[in-house]
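A quick write-up on the structure given underneath.
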Amino acid sequence: MAEITYVQGDATAPHGKGVKLIAHVCNDLGGWGKGFVVALSRRWPEPEAAFRRWHRERARNEFGLGAVQFVQVGPYVWVANMVGQRGIRTGSKGVPVRYEAIDTALGALGDKALELGASVHMPRIGCGLAGGKWSRVEPLIAERLVARGIPVTVYDFEP
């Protein structure tokens, strides 16, 4: 039975063998420049370039809450840009995280992981700048990924 494994480390340097999908949450404004994406961009330019192009061309594609863009960055490594955050600031409408969008995106992530025979690697998605609670996100990961037999590693980064 697959489970969620928690480790100290950097999700941009995923552990283990085989194909790996690195998942993270993006906002629906096309913004990229704070949080986990900074580490992604330091390692690979492709996810940011692809995300910005995807947002720029959103009138002609599926960009929006719940959508996922898969970007291959190495022979066995992919990045999943998951749109799970409305806007970027906590304000009168609450925190930016959108759990329903993360749930939808995780379903698509699970399909891709099964297609590739991949494990999934991530920081605590939706819980940094998006303002979400891990107690709400973790069950979504368990249902959409772990219950389908997909191994998941969650990285807690300590500089």
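- Sparse packing is recorded around CZ of Arg136, with 12 or fewer heavy atoms of other residues, nucleotides or ligands lying under 6.0 Å away.
- In terms of hydrophobic clustering, with Ile, Leu, Val, Met, Phe, Trp and Tyr side chains grouped at heavy-atom distances under 4.5 Å, Val68 and Val97 are assigned to a common cluster.
- The shortest side-chain heavy-atom distance between Thr5 and Pro151 does not fall under the 4.5 Å cut-off.
- Between Leu145 atom CG and Glu3 atom CD the span is 14.0 Å, to the nearest 0.5 Å.
- For the pair Val120/Arg144, no side-chain contact is recorded, criterion being any heavy-atom separation below 4.5 Å from C-beta on.
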**Message:** Let's go through Lys133 and Tyr99 carefully: what are the C-alpha distance in whole Å and the side-chain angles of both, what is the deciding distance for side chain to side chain contact (heavy atoms under 4.5 Å, CB included) to 0.1 Å, and is it a yes or a no?
**Reply:** CA-CA 10 Å; Lys133 296 187 180 336; Tyr99 297 109; 3.9 Å; yes
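- Clustering ILVMFWY residues whenever any of their side-chain heavy atoms sit less than 4.5 angstrom apart, transitively, puts Trp134 in a cluster other than the one holding Phe157.
- Residues Val137 and Cys127 have side chains in contact (heavy-atom distance under 4.5 Å, counting atoms from C-beta outward).
- The two residues Pro96 and Ala130 make their nearest non-hydrogen contact at CD-O, 3.1 Å.
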**Check against side chain to side chain contact (heavy atoms under 4.5 Å, CB included), Lys34 and Ile88** = CA-CA 10 Å; Lys34 289 187 175 177; Ile88 56 172; over 6 Å; no
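- Taking 4.5 Å as the limit, every side-chain heavy atom of Thr104 sits out of range of all side-chain heavy atoms of Met82.
- Among all heavy-atom pairs drawn from Ala50 and Val71, the shortest one is CB-CG2, 3.7 Å.
- Scanning both residues, Pro123 and Ala23, for their nearest heavy atoms gives CD-O, 3.4 Å.
- Here CD1 of Ile150 is found 7.0 Å from CG of Leu109. Values are rounded to the nearest 0.5 Å.
- Linking ILVMFWY side-chain heavy atoms closer than 4.5 Å, directly or via other members, places Val73 and Tyr155 in two distinct hydrophobic clusters.
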**Request:** I would like to know whether Ile125 and Leu106 meet side chain to side chain contact (heavy atoms under 4.5 Å, CB included); could you show each step before the answer?
**Result:** CA-CA 11 Å; Ile125 58 169; Leu106 285 169; 4.2 Å; yes
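- Aromatic ring pairs are classed by plane angle as parallel below 30°, tilted from 30° to 60° and perpendicular above 60°; the pair Trp54 and Phe63 is perpendicular.
- For residues 76-88, the pairs satisfying side-chain hydrogen bond (donor to acceptor under 3.5 Å, both in side chains) are His24-Asn81, Asp28-Arg86, Gln69-Asn81, with sequence neighbours left out.
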**Request:** Given side chain to side chain contact (heavy atoms under 4.5 Å, CB included), test Leu40 with Trp32 step by step and report yes or no.
**Result:** CA-CA 10 Å; Leu40 276 176; Trp32 183 291; 4.2 Å; yes
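- Applying the side-chain hydrogen bond (donor to acceptor under 3.5 Å, both in side chains) definition to pairs two or more places apart or across chains, those involving residues 11-22 are Asp10-Thr12, Thr12-Arg43.
- The hydrophobic clustering, which links ILVMFWY residues whose side-chain heavy atoms are closer than 4.5 Å, places Ile102 and Val152 together.
- What you find for Asn27 and Gly87 is that their closest heavy atoms are CB-O, 3.4 Å.
- When the side chains of ILVMFWY residues are joined at heavy-atom separations under 4.5 Å, either directly or via intervening members, Trp44 and Leu21 end up in two distinct hydrophobic clusters.
- Atom CG of Asn61 is separated from atom NE2 of His55 by 10.0 Å, given to the nearest 0.5 angstrom.
- The shortest non-hydrogen separation linking His121 to Ser119 is NE2-OG, 2.8 Å.
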